[in-house]
Every structure is written in structure tokens, then in C-alpha cells.
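Some notes on the structure that comes next.
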Amino acid sequence: MTYSWNWGVLLQEPYLQWLGWGLALTLAISLSALVIALSVGTAVGVLRSSDHAVLRAVTGAYISVFRNIPLLLQMFLWFFVVPELLPAGAGHWLKRDLPYPEIVTAIVALGLFTSSRIAVQVSAGIDAVPRGQRMAAKAAGLSQLQAYRLVLLPQALRIIIPPLTSEILTIFKNSSVALTIGVYELTTQTQQIQSITYQGFEAFTAATILYVAIAMTVTVIMRAIERRVALPGTTSGGLHVRF
Amino acid sequence: MTSHEMIKVEGLSKSFGPLEVLKECSLTVRRGEVVVICGPSGSGKSTLVKCINGIEEFERGQVWIEGEALPSRGRAAARLRARVGMVFQHFELYPHLTVLENICLAPVHVLKRPRTEAAAKARALLARVGLADKEAAYPAQLSGGQQQRIAIVRALAMDPVAMLFDEPTSALDPEMIGEVLAVMLELARDGMTMIVVTHEMGFAKSAADRVVFMDKGAIVEIDETQAFFAAPRSDRARLFLSRILAH
Ligand SMILES: Nc1ncnc2c1ncn2[C@@H]1O[C@H](COP(=O)(O)OP(=O)(O)OP(=O)(O)O)[C@@H](O)[C@H]1O
Ligand SMILES: [Mg+2]
């Protein structure tokens, strides 16, 4: 093989800039999607744990739909199909007037996909809180909302920190699917560099290192959070998968 | 209903699916009275107590607290529940909160008391049960007896008109039972209206005004304490008592 190595290409303009923009967009999409996933996922997970049959059925359906359709297909559906299904006005607005439609779509699709997975974790976490806690909160006169906010969720979220960490790691990796609807995130930019310069090894190595750096940062942050909220007198309960 | 009736239960029935766990239970507890409920396992004691403050729903019957009918759900039910303190077998302190936060949670969020006022009251109550130095501890750092005394303080911090206890000492190591019973005895002497599910017959003898015996979801008999221990009227109560006293 007569591949000529040229690591210097990564530091040349505009390629260094492309990598930088790609990284920025990957971070922006992933973090925005994470905000959606955590808020929607917590809300759906809480409703899922209620003893109201209709709420359980509706949230169950939500989870099945968003969890079982492949993320790639969801991206396509949101980008190509949903605007056509909406009333003409809204559809036009999505296609023409919405700024950066592919980025917004990627954030929404990734956020909702991940929210279904987080909802499952949240409701499992709530189920893992001893039944007596719910009774104690109720006996003290707390409303349902207060019981969740002050008693059940603080315990449930502590329980699910380890699986939540792996879900957050996955969001960053999954953000690369946005490539398929034309978002110039990290993986897309890497491909661009390789197709123009033919220095694919260098470009993909750089992307790999950046993804690994993101993962390590997330893991370190989550471990710090876990240590911070650990309760004195208890041994930390969760299962840890180190990478 | 007269004003000295604190808790009144009439014709209360409840089923879990096909299983009828409470059958037409009726009981009136006067202000300042201490009533002990005993009976074999599965007889419905816990369920009855949970129905009295509405944390368990029931199909038929009615419960009144100080003459006010307990609604089955909603805000009004929560408000009435907050006036009846409840102590559980397994303490159920909130593990993610310190002792002080445990005690202040409901006063601040339900009664809307200012934090400083709630904390001052909590500290005074903690001192009364001899745990003034534990306000910053977390439940997992305390013994069972300490946790249960704090659970009692947590209920008292709401200024309840009555207190319900569901086997408050049966999850404790024997050497810790005494310290919890002592707090309960003092409460009884101070005139608190109490319904206590317990198998501590010593406590019943010294603190209870009346004893309720339950079996298979029904209240079989209600006696003055002395009469109950001297000679229960039903065969089932006599059998139960001979077993538990021999134990
Ligand atoms: N959530 C529930 N679902 C189904 N059955 C239940 C439930 N809670 C209690 N039961 C049943 O109701 C009956 C009464 O239970 P309860 O806990 O009130 O009895 P208990 O007198 O307190 O017994 P113990 O002395 O063992 O605490 C039992 O047969 C029990 O199995
Ligand atoms: Mg019981």
C-alpha cells in the first residue's frame, strides 16, 4: 500500500476550521437534544409510573413508538414526511422559514428518540423507590406533584445515574446520524475532508479522538455528580460499567 | 356527632379484588383517648389504619376526623390527612434528606410555614426525644430506634389532632423498643389521641384506654383495657391473647 501520511493536513485551513465547526455542531445538537430528552423523558416517566390507567397506556404507546423505530428512520420522517402531513401553512414554515431546518430537525428527532429511553429509566427508578415512601409523602399531606418533586424523583434519579450516563454517552454518538439529513456535524466534516484531501486515516483518527474525549468528559462529569449527590451512610448502589 | 369524638369510622369495608380485607368496621375514638388494635397477621389492622387517614381508598363506609368527613381524594383529602400523623413500621424517613429536612418538609410545603419557624419547632421536638444532636444526620446514619423517634417527631411537627401508629416497634431490635415506647407513652400522657396497632401488650396495659381486637377483616370486640386482659369476650380473642402472652 502506498498511502502517503500527512498529519499536517489536519492543521491546514480550512480543514482545521471544518473540524472545529463539526465538533461545535455535534456538541450543540447533542446538548440541546439532551435537554429535550431529560425534560420530556422525566415527564413521561413520571406519568408512566402513575396508577392512572389511561396515562399509563398513553405513555406506554409514546415509549413504544419512539423507542422501536430506528433513529435513522425517525430523522427521515421528521425531515421529509412530517412537513407534508402538517397543514399547508405550518408545512411551508417548516420547509422555508425555519432557520437551519436540518439542525432543528436533528435536535428534535434525537431528543424525542432519547426521551423514550430515559422515560423507561425514570419510571423504573420510581418503581425502585420503596412503596412506603409514597405512602409517607401522602400521609404527610403532600400533593401528588409535591410527592414526586420532593420525595420520589430525588431518590429515583439517584438510582438511575449509571444507566443515565450511558444514555448520555449514546446521545453524542447518535448525533452523527444527523449526517444523513445534511447536518455538517463532526462525522460529516470528517467525510468532507477525506473526500477532498484523500487523507481519510488522518481525518477519521481526529474524529475518533474527539468522540472519545467527549465520552471521557461526560463520564468524569457524571461520576462527579454521582459522588456529590451520594447519601452519607449508604454505599453507592448502582452498577457501573467502566469503559 | 359530639365534639369529644376525634375519629369516627362507620361501616368501613374494603376489598383487594375478590379478597374482602375490611368488613363493616366501626369505631369511635374520643379526644385524648389511646386505642390499641391487635389481632392475627392479615386481619386488616394496617389497612384499617391506612383507611383512617385516607392513604388507602375504601369502597363503603365513612371516616370523620373531628366531625369532618374524609373525602376520598383531592386537595381537601390531603388537607385533612395532614392533620392526622402517621408512623410506619419501617419508619419511612426520606433517605435523601437530613433529619431536620425530613421534619420540616411537610410543615414548609403543606402548611406553608416559614422555614425558620419550622426549623425552630423541629429542634424543640428533637430535644424532647433526646436527639437534638442528630439534626444534620441522614437516616442511614442512625439506628432503627433513633429513626423511629424521628419519624414520630416528623409527624408531630404537623401539629396533628391525632396520631396513628402501625406496628411502630416490630421492625426494631429488642434493645431499641423501649426508647420508642417511652416516647409514645409520654405522648399518651400529654393527652394525644392515638390509635396504635401493636403486639406490645405491656404498652397496651399501661397506655391504652381501650383495646380493639380484629380478625379476618372484622372488628370482633372493643373492650376497656382492663376488661380485655382480664377476660376477652370472644373465643378468638382469648386464643390470640393466650398465644401472645405465652410468647
Ligand atoms: N396492596 C394489597 N393488595 C392485595 N392484598 C393486600 C394488599 N395489602 C394488604 N393485602 C391483604 O389484605 C389483608 C390484610 O392486610 P393487612 O396488612 O391490613 O393486615 P395486618 O393485620 O396489618 O397484618 P400484619 O399483622 O401482618 O401486618 C391481608 O390478607 C393482605 O394479604
Ligand atoms: Mg400490618
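Protein chains get the first letters and strands the later ones, always in sequence-line order, with residue 1 at the start of each.
- Heavy atoms of B:V87 lying under 4.5 Å from chain A are absent altogether.
- Around the CG atom of A:L145, the shell of radius 6.0 Å holds no more than 12 heavy atoms that belong to other residues, nucleotides or ligands.
- Each of B:A137, B:A151, B:A140, B:A155 has some count of heavy-atom pairs under 4.5 Å with chain A, and the biggest count is that of B:A140.
- Heavy atoms closer than 4.5 Å to chain A are found in the backbone of B:L93, but not in its side chain.
- The salt bridge (charged side-chain N to carboxylate O under 4.0 Å, His left out) search around B:E10 returns B:K8, not counting sequence neighbours.
- Residues B:L105 and A:V151 are in side-chain contact: their nearest non-hydrogen atoms beyond the backbone lie under 4.5 Å apart.
- Residue A:G141 comes nearest to B:A82 through the heavy atom pair CA-CB, 4.1 Å, listed as atom of the first residue, atom of the second, then distance.
- Looking at B:P160, there are no atoms closer than 4.5 Å to chain A (heavy atoms on both sides), in backbone or side chain.
- By the salt bridge (charged side-chain N to carboxylate O under 4.0 Å, His left out) test, B:E179 pairs with B:R149, sequence neighbours left out.
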Interchain donor-acceptor contacts below 3.5 Å (chain B, chain A):
unit_1: B:R81; atom_1: NE; unit_2: A:K138; atom_2: O; d: 3.0
unit_1: B:E92; atom_1: OE1; unit_2: A:Q133; atom_2: NE2; d: 3.4
unit_1: B:L93; atom_1: O; unit_2: A:Q133; atom_2: NE2; d: 2.9
unit_1: B:H96; atom_1: NE2; unit_2: A:L150; atom_2: O; d: 2.8
unit_1: B:H109; atom_1: O; unit_2: A:Q146; atom_2: NE2; d: 3.0

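- Under the salt bridge (charged side-chain N to carboxylate O under 4.0 Å, His left out) criterion, B:D133 pairs with no residue, sequence neighbours left out.
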